[in-house]
Amino acid sequence: EKSKLAEDLMEVIAHAAGNLRGGLGIGIIIVGVFMGATTGIVGATVVTLGLLTLPTLLRRGYDKGLSCGVICASGTLGQIIPPSLILILLADILNESVGTLFAAAMIPGLMLAGIYVVYILALGIVRPDMVPAVPKGERDLVSRGELLGKILRVALPPIALVGAVLGSIIGGVAAPTEAASMGALGAIVVTAIGGRMSWAVLRETTYATTRITAMMMFILMCAQAFSLAFRGLQGEKLVQDFFEFLPGGINADIWFLMFIIFVLGFFIEWIEISYIAVPLFLPIFIAAKVDMVWLATLICVNLQTSFLTPPFGWALFFLRGVAPPEITTGDIYRGVVPFVLMQLVALVLCFIFPQLALWLPRTIGW
């Protein structure tokens, strides 16, 4: 965020898209993938994309709702594309390797981004008025040689940062904490190379990181206390007895969990859902020998929706805070509906084709 890398990426992608309808929207999705793979923080990505791209999208004639939806959806990709905070907590809850879950979520995360891109391209054919191309006069201001140089200069730093963090974890070279330090060091280097490094930036970033970490740890401690009380009062047995009344076997149980998570996502945050709701159902799935890596991927894809579903979707709040006055809350709500439906499509695909989650961990030997 502080290196202004997203701003540079957006400028380059807008020119590289040429006369493609929806090119700027696709560019936002690509930037969302890059930022998700380097930060994993929804707030920073949504706010950055909202400040940088929403006025530009509106000025170029993009539909208000679509503009809000693509920014919110792209900003939440960091919660499934590693290094995702959700995956780190699920690894603890399900007693699985963080590297394994990172590898498992890679293909579903990229698939979800691909579904968004296909949707934008389809709109370019069916409703070109909603996603106009960048004007030719603006594209002609930058020559091909300059554009290629900018692409290399802007794309290489985030790719190197992603490789340093994810490559070291998935390759088994570093633990997540060690890889996080690599990511922090890489972010400092990228910011310094961009000429935006200062003591004030470093201090502000450190304070923000501390606040986020303290907030999460406090919620985790409270959730643990709740879980202990629930188990002490035989709550797990109550849930197991209830599941016996569900027809359809273990698949019905999985979909019932998915339904509960989806509904809770309208009202409470993903951390509480992960640490309170998910452990209640675990004994049933462990007894049925459900693959925990696959289950974690399904939960992660499902939790994506909690960032977009009103009234308490975090991405909606973040965008509302930085949106221009002409954008109403109704525009934001209307814009995210298609993307929530696309996330549910991705969830169904991951359920029908478990290899989307299991192929990469097995291929690399995890």
Side-chain angles (χ1 to χ4, degrees), residues 1 6-7 9-11 13-14 17 20-36 39 41-81 112-124 126-134 262 265-267 269-270 303-346:
E1 180 187 11
E7 185 175 347
L9 273 170
M10 280 309 309
E11 181 185 347
I13 291 172
L20 179 68
R21 294 191 187 98
L24 196 55
I26 294 171
I28 291 173
I29 296 169
I30 294 172
V31 172
V33 170
F34 271 118
M35 291 191 71
T39 66
I41 304 296
V42 167
T45 308
V46 172
V47 168
T48 302
L49 290 176
L51 288 170
L52 295 177
T53 66
L54 188 51
T56 305
L57 289 171
L58 298 178
R59 189 173 66 249
R60 287 176 173 161
Y62 271 66
D63 178 78
K64 288 182 181 179
L66 175 67
S67 301
C68 296
V70 73
I71 290 172
C72 289
S74 301
T76 61
L77 285 172
Q79 292 309 303
I80 184 171
I81 293 175
L112 183 58
I115 292 173
Y116 293 164
V117 169
V118 170
Y119 173 67
I120 299 294
L121 290 173
L123 279 180
V126 180
R127 291 289 306 276
D129 57 302
M130 293 179 68
V131 286
V134 177
F262 179 71
F266 281 80
F267 307 106
E269 202 177 12
W270 64 270
L303 284 174
Q304 282 277 107
T305 62
S306 69
F307 290 92
L308 298 181
T309 46
F312 295 115
W314 278 107
L316 313 181
F317 286 140
F318 290 132
L319 185 61
R320 177 67 275 174
V322 298
E326 63 265 30
I327 294 293
T328 66
T329 302
D331 290 328
I332 298 175
Y333 284 4
R334 174 173 60 86
V336 299
V337 170
F339 292 92
V340 172
L341 295 176
M342 282 182 269
Q343 289 176 341
L344 295 178
V345 169

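Hydrogens, waters and symmetry mates play no part in the numbers below; they use all other heavy atoms, side chains included.
The two residues V46 and G75 make their nearest non-hydrogen contact at CG2-CA, 3.7 Å. Taking both residues in full, the closest heavy atoms of A315 and C72 are given as O-SG, 3.8 Å, listed atom of the first, atom of the second, then distance. Shortest non-hydrogen contact noted between L319 and G50 is CD1-CA, 3.9 Å. Listed here is the closest heavy atom pair of L308 and P310: O-CD, 3.4 Å. Scanning all heavy atoms of the two residues, the minimum distance from Y62 to S67 falls at CB-OG, 3.3 Å. Taking both residues in full, the closest heavy atoms of A73 and F339 are given as CB-CD2, 3.4 Å, listed atom of the first, atom of the second, then distance.
Checked options I26, I29, I28, V70; the residue passing with Y116 is I29 (criterion: side chain to side chain contact (heavy atoms under 4.5 Å, CB included)).
Remark: D331 CG to L58 CG distance equals 9.0 Å, nearest 0.5 Å. A distance of 6.0 Å separates CD in Q304 from CG in L77, rounded to the nearest 0.5 Å. The line from CE of M130 to CG of L123 is 5.0 Å long, rounded to the nearest 0.5 Å. Taken to the nearest 0.5 Å, the CG atom of L121 stands 12.0 Å off from the OH atom of Y119. Remark: I332 CD1 to I327 CD1 distance equals 7.0 Å, nearest 0.5 Å. Taken to the nearest 0.5 Å, the CD1 atom of I115 stands 11.5 Å off from the CG atom of L341.
Judged purely by atom type and a 3.5 angstrom limit, T309 uses its side chain to pair as donor or acceptor with the backbone of G265. When atom types are taken as modelled, the side chain of S74 and the backbone of I71 share no donor-acceptor pair closer than 3.5 angstrom. At distances below 3.5 Å, at least one donor-acceptor pair connects side-chain atoms of K64 with backbone N or O atoms of E326.
Put simply, the side chain of Q343 reaches to within 4.5 Å of the side chain of T76, judged on heavy atoms.
By the 30° and 60° cut-offs, the orientation of the rings of W270 relative to F307 is tilted.
Under 4.0 Å is where a charged nitrogen must lie from a carboxylate oxygen, and between D129 and R21 no such pair does.
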Practice task
Evaluate the criterion side-chain contact (heavy atoms from CB on, under 4.5 Å) for residue pair L54 and L49; output intermediate values, then yes/no.
Solution key: CA-CA 7 Å; L54 188 51; L49 290 176; over 6 Å; no

Exercise for the section: Before giving the answer on side-chain contact (heavy atoms from CB on, under 4.5 Å), spell out for Q79 and L303 the whole-Å C-alpha distance, their side-chain angles and the decisive distance to 0.1 Å. Expected result: CA-CA 8 Å; Q79 292 309 303; L303 284 174; over 6 Å; no

